[in-house]
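Since the structure comes first, as structure tokens, the remarks are kept for the end.
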Amino acid sequence: MKNRIAQLLANATDKLHQDGVLPEPIDSSSITIERARDNSHGDFASNLAMALAKKAKRKPRDLAEALVAALAEDEAIEKVEIAGPGFINFFLKLASLNQVIGKVLSAGSEYGRSNTGKGQRILLEYVSANPTGPLHVGHGRGAAYGSALAKLLGFAGYQVEQEYYVNDAGRQMDILATSIWLRYLEAGGAELTFPRAGYKGDYIRDLAAQLRQQHGDQFDHSSAVVFADQPEDEAHSDNDSENPSGDKEAHIDGLIGRAKQLLQENYATVHAHGKDVIVADIRQDLSEFKVEYTTWFEESSLVISGAVKRAFDQLNDAGHLYQRDGAWWFRSTTFGDQKDRVVIRENGEPTYFATDIAYHLQKLERGFDQLTDIWGSDHHGYVPRVKAAISALNQDPDRLEVLLVQFAVLYRGDQKMSMSTRSGEFVTLRELRNEVGIDATRFFYLMHKSDQHMEFDLELAKSNSNDNPVFYVQYAHARICSVLRQLADSDRKLDSVSSNYELLVEPQEQNLIALLDRFPELIENAARKHEPHTLTYYLRELANGLHSYYNAHQFLVDDEVLCCSRIELIRAVQTLLVSGLDLLAVGAPESM
RNA sequence: GCGCCCGUAGCUCAACCGGAUAGAGCACCGGCCUUCUAAGCCGGGGGUCGCAAGUUCGAGUCUUGCCGGGCGCACCA
């Protein structure tokens, strides 16, 4: 409908151009049509007259008069008015608005699907948390956002693949392996002071216990040997005066080295045990949270396959690398980064950045038109260097799009919760799901714009879960189902009755019809702008419309034609409630 | 110090490419169940859109400065 009005206006501008009112032809794509916010402004409005006033050297209202006079007749339009500073308001005939009910019912779950994306291939990478522990509530937001966005993009005609990048190489994983091993030694009776920089969560003890169960005591070493000649650890508390000046990072690195040295080939067993169990746990966790990936891509495979080496060589051959202080640096400042970055450390190990360059190159080579990464906003400073690397590899940096998700700050009542994986003090996504429920958790996350800070109050989410808007939307769906059930259980046969949407003149009915009509463009915008939260707002509005209607009017009335018409309207509403909730991967229960 | 993000009702958040009188939920006040689920509906109070300039027919939205908050500025990931 929007396009139809835009076309009418475009034709009118052509006419005015020919008549000499407008100095030059108007690009029809620049004509904007808005949905009127207020009923008194009709159904659609255009600011065209105000936008062109300057160019035409005429007053907006005069120009609006001329445009309206030049408009061709259209059977869908009831009347056209000029209002305010020069808005052109379009009032549509009921008959043309009401047609949307039939459209929704015949298209069903396909209503709103578009080809906006034209089949463009997108690789959406999200969560990608280090497999060093269970996912916490911060990861949950990225998981909900990424999975909903993937569905939205798919519905808007993009070809989307979802990927989890498993960071299974590097120092953090060594810290994990060493932490497990130390807990394993403790479980075997060793007395030791657990390193400050180690992973302290209880799950580490569980992993250690499993290790002892599967491999017995073959990894045992005396703690005296393990801790001999290690750099001092940082004090475990502020008033620990015995070792005030220790370095926790040097200490843990020393322990990692000792672990590798003492365990030899068994170190890989410990390392793999931690990774395998935790990755499996993450996979299950996300799957239960309705997050489904196309691929799980392991960072270590890039090292093994030589992709890291190839990326390094390619950068080096192009003259973008140099050596300094024993390390290899990428001259990212050439491409707008604030400083150059190390890719190969002094000790010969590639940095995380080096493997990430290889990873992004590899993703581009897999033939995607667009790489979309969803990162925690704390990584925003990392964007320029990755884009710099892509440029240096002679690729278009715009093919990488990074969406930043602000962390959800978790509160338990008034108390802010820590979310450090290292300290082991965090609320897991699983705990959150179990306490709040999957549907409510997803909806709650998705209610807010992803780049907006968000407060997640656990106490509120738990104790007042009935106040959660998701129930409000689901209830609307359940109510419709209930009405339809009662109709089916009755003796009435409406099949032979044909509906007449002209009868749907109540304000609540007109409101719902307008909402149905808005759905396709809402989906298109939500997908294009990566804003699934607009869908949650829409669904609340749609549910509100239904609840108001429900309270104001009886659907199962004696008048068969009216009854049939109303039933078809609420079936259309039901269709979109299901579609919308499905795009958010939230359930639509038939009764509550 | 430099860079990125954010300041909207008491609280949590919206506002389509700059549009008409800035909207919801929670909380508060007052109504509505002999009728399809009251997990609902209807009405009411509540605002210096952080502050100040600028751009223009028009600014919560764009520009600049300031104030306040978050994050980043590793041979960690």
Side-chain angles (χ1 to χ4, degrees), chain A residues 30 32 34-38 40-41 45-47 49-51 53-54 59-61 83-87 89 128-130 132 167 169-173 175 249 299 324-329 338-339 341-353 355-356 376-384 404 406-407 409 447-449 451-457 460 464-469 471-472 474-476 478-487 490 508 518 521-522 525-526 529 531 533-534 536-537 540-541 543-544 546-557 566 570 591-592:
Chain A
S30 68
T32 61
E34 282 193 343
R35 275 175 193 281
R37 287 194 179 130
D38 192 320
S40 67
H41 299 148
S46 177
N47 62 354
M50 292 176 287
K54 200 165 195 178
K59 288 182 187 167
R61 286 195 70 112
F87 286 101
N89 293 333
S128 298
N130 286 337
T132 53
N167 302 140
R171 181 165 172 268
Q172 295 304 323
M173 291 303 290
I175 296 176
E249 301 299 338
E299 179 187 5
R324 194 178 76 203
D325 304 331
W328 281 90
W329 296 70
Q338 289 193 315
K339 53 171 290 194
R341 310 291 174 175
V342 171
V343 285
I344 306 287
R345 298 190 189 99
E346 202 175 352
N347 66 9
E349 291 290 316
T351 59
Y352 175 82
F353 180 45
T355 48
D356 214 17
S377 62
D378 55 333
H379 287 66
H380 71 261
Y382 193 75
V383 177
L404 300 171
Q406 293 282 348
F407 273 133
V409 183
M447 267 166 44
H448 303 304
K449 215 157 133 183
D451 60 3
Q452 187 77 255
H453 297 277
M454 159 184 176
E455 289 187 16
F456 207 127
D457 189 329
L460 195 72
N464 291 347
S465 63
N466 279 358
D467 288 336
N468 196 302
F471 293 107
Y472 181 81
Q474 290 179 324
Y475 183 42
R479 270 184 152 172
I480 295 171
C481 291
S482 173
V483 172
L484 296 180
R485 270 196 302 273
Q486 289 181 46
L487 178 63
S490 72
Q508 292 85 357
R518 223 178 75 197
E521 67 195 59
L522 178 112
N525 283 332
K529 298 173 71 179
E531 293 181 339
H533 77 277
T534 55
T536 68
Y537 278 84
R540 292 162 76 177
E541 234 182 299
N544 175 248
L546 187 279
H547 288 310
S548 296
Y549 187 28
Y550 185 97
N551 277 276
H553 301 285
Q554 190 81 12
F555 305 152
L556 300 175
V557 291
R566 289 184 167 173
I570 65 168
S591 64
M592 295 178 70

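Chain A is the first sequence line, chain B the second, and so forth, proteins listed ahead of strands; every chain is numbered from 1. Owing to the predicted nature of the structure, the values given are computational and were not obtained by experimental measurement.
- In the set B:C36, B:A14, B:A77, B:C36 carries the atom at the smallest distance from any side-chain atom of A:Leu556.
- Side chain to side chain, A:Asp38 and A:Ser40 meet the donor-acceptor criterion of an N or O pair below 3.5 Å.
- Remark: B:C73 base-pairs with B:G1; criterion is Watson-Crick or G-U wobble with both hydrogen-bond distances under 3.5 Å.
- Looking at which nucleotide of RNA chain B each of A:Glu299 and A:Glu531 is closest to, the 5′-most match is held by A:Glu531.
- Comparing the P positions of B:A20 and B:G65 gives a spacing of 29 Å, expressed to the nearest Å.
- Within 3.5 Å, a donor on the side chain of A:His380 pairs with an acceptor on the base of B:G3, or the reverse.
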> A:Val483 and A:Tyr550: side-chain contact (heavy atoms from CB on, under 4.5 Å), yes or no, with the steps?
Replying inline: CA-CA 10 Å; A:Val483 172; A:Tyr550 185 97; 4.1 Å; yes
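- Taking the ring axis of A:Tyr472 as reference, the NZ or CZ atom of A:Arg540 does not stay both within 45° of it and closer than 6.0 Å to the ring centre.
- When both pairing distances are held under 3.5 Å, B:C41 makes a Watson-Crick or G-U pair with B:G31.
- Among the protein residues, A:Gln452 comes within range of the sugar-phosphate backbone only, with heavy atoms under 4.0 Å from sugar or phosphate atoms but none that close to a base.
- Counting non-hydrogen atoms under 4.0 angstrom, A:His547 reaches the backbone sugars and phosphates but no base.
- When distances are taken from the side chain of A:Gln338 to each of B:G3, B:C16, B:G25, the shortest belongs to B:G3.
- Between A:Gln508 and A:Ala552 the shortest heavy-atom distance is NE2-CB, 3.4 Å.
- If you measure from atom CG of A:Asn47 to atom C1' of B:C17, you get 9 Å, rounded to the nearest angstrom.
- For the P atom pair drawn from B:C13 and B:G18, the interatomic distance equals 25 Å after rounding to whole Å.
- Within 4.0 Å (heavy atoms only), A:Ala36 reaches no atom of the nucleic acid at all.
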>> Between A:Thr132 and A:Gln172, does the side-chain hydrogen bond (donor to acceptor under 3.5 Å, both in side chains) criterion hold? Intermediate values first, please.
In response: CA-CA 7 Å; A:Thr132 53; A:Gln172 295 304 323; 6.0 Å; no
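- Note on A:Ser377: only backbone sugar-phosphate atoms sit closer than 4.0 angstrom, heavy atoms only; bases stay farther off.
- When the P atom is used for both B:A15 and B:G50, the distance is 15 Å, rounded to whole Å.
- Taking a centre distance below 5.5 Å and an interplanar angle below 30 degrees as the stacking criterion, A:His41 stacks against the six-membered base ring of B:A20.
- If you check every strand for non-hydrogen atoms under 4.0 Å, A:Phe353 touches nothing.
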>> Evaluate A:Arg171 against A:Glu349 for salt bridge (Lys or Arg N to Asp or Glu O under 4.0 Å), listing each step before the verdict.
In response: CA-CA 10 Å; A:Arg171 181 165 172 268; A:Glu349 291 290 316; over 6 Å; no
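- Of the candidate nucleotides B:A14, B:G72, B:C36, B:G72 has the atom nearest to the side chain of A:Asp378.
- Place A:Pro85 and A:Gln554 on RNA chain B by their nearest nucleotides, and A:Pro85 ends up nearer the 5' end.
- Rounded to whole angstrom, the span from the CD1 atom of A:Ile480 across to the C1' atom of B:A39 amounts to 15 Å.
- Regarding A:Phe555, its CZ atom lies at a distance of 16 Å from the P atom of B:G40, rounded to whole Å.
- For the P atom pair drawn from B:A14 and B:G54, the interatomic distance equals 30 Å after rounding to whole Å.
- A distance of about 15 Å separates the C1' atoms of B:A39 and B:C26, rounded to the whole Å.
- In the interface, the side chain of A:His379 is paired with the base of B:A77 through a donor and an acceptor atom under 3.5 Å apart.
- Across all strands, A:Ala552 comes closer than 4.0 Å to no nucleic acid atom at all (heavy-atom distances).
- Partner assigned to B:A22 is none, using Watson-Crick or G-U wobble distances below 3.5 angstrom.
- In this structure, A:Glu34 atom CD and B:U61 atom P are separated by 16 Å, rounded to whole Å.
- The side chain of A:Lys449 places an N or O atom within less than 4.0 Å of a non-bridging phosphate oxygen (OP1 or OP2) of B:A15.
- Counting to the nearest Å, the C1' atom of B:C13 and the CE atom of A:Met454 are 10 Å from each other.
- Using a 4.0 Å heavy-atom criterion, one finds that A:Asp325 contacts the bases of the nucleic acid, with or without backbone contacts as well.
- Set against B:G40, B:C75, B:C36, the side chain of A:Thr351 has B:C75 as its closest nucleotide.
- Between A:Tyr472 and B:C41, a side-chain N or O to OP1/OP2 separation shorter than 4.0 Å is present.
- Side chains of A:Phe353 and A:Val342 form no contact here, defined as non-hydrogen atoms less than 4.5 Å apart.
- Remark: C1' of B:C33 and OH of A:Tyr550 are 11 Å apart, rounded to the nearest angstrom.
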> Stepwise, does the side-chain hydrogen bond (donor to acceptor under 3.5 Å, both in side chains) test hold for A:Gln406 with A:Ser377?
Replying inline: CA-CA 5 Å; A:Gln406 293 282 348; A:Ser377 62; 3.1 Å; yes
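- Across all strands shown, B:U56 forms no Watson-Crick or G-U wobble pair with both key distances under 3.5 Å.
- Across all strands shown, A:Arg341 has no heavy atoms under 4.0 Å from either base or sugar-phosphate atoms.
- The CZ atom of A:Arg171 sits 8 Å away from the P atom of B:A77 (whole-angstrom rounding).
- Nucleic acid contact class of A:Thr32 (heavy atoms, under 4.0 Å, all strands): base.
- B:C57 takes the anti form, because its glycosidic angle lies more than 90° either side of 0.
- Contacts of A:Ala327 with the nucleic acid, taken as non-hydrogen atoms under 4.0 Å apart, include base atoms.
- Proximity of A:Asn544 to the phosphate of B:C41: a side-chain N or O atom is located under 4.0 Å from OP1 or OP2.
- What separates CD of A:Glu541 from P of B:C16 is a distance of 13 Å, to the nearest Å.
- In this structure, A:Arg37 reaches the B:A20 phosphate: one of its side-chain N or O atoms is under 4.0 Å from OP1 or OP2.
- Proximity note for A:Ala45 (side chain, C-beta onward) versus B:C75, B:A77, B:A20: the nearest is B:A20.
- When both distances must be under 3.5 Å, the Watson-Crick or G-U wobble mate of B:G7 is B:C67.
- Between A:Ser128 and A:Asn167, the side chains place no donor N or O within less than 3.5 Å of an acceptor N or O (distance only, hydrogens not considered).
- Within the 4.0 angstrom heavy-atom criterion, base atoms lie near A:Ala83.
- Closest to the A:Ser548 side chain, of the nucleotides B:G72, B:A39, B:C41, is B:C41.
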>> Does A:Arg518 form a salt bridge (Lys or Arg N to Asp or Glu O under 4.0 Å) with A:Glu541? I'd like the steps, not just the answer.
In response: CA-CA 11 Å; A:Arg518 223 178 75 197; A:Glu541 234 182 299; 3.4 Å; yes
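- Among the protein residues, A:Lys59 comes within range of no part of the nucleic acid, since none of its heavy atoms lies under 4.0 Å from any strand.
- We find that the ring of A:Phe87 and the base of B:A20 stack, their centres lying under 5.5 angstrom apart and their planes tilted less than 30°.
- B:C67 takes the anti form, because its glycosidic angle lies more than 90° either side of 0.
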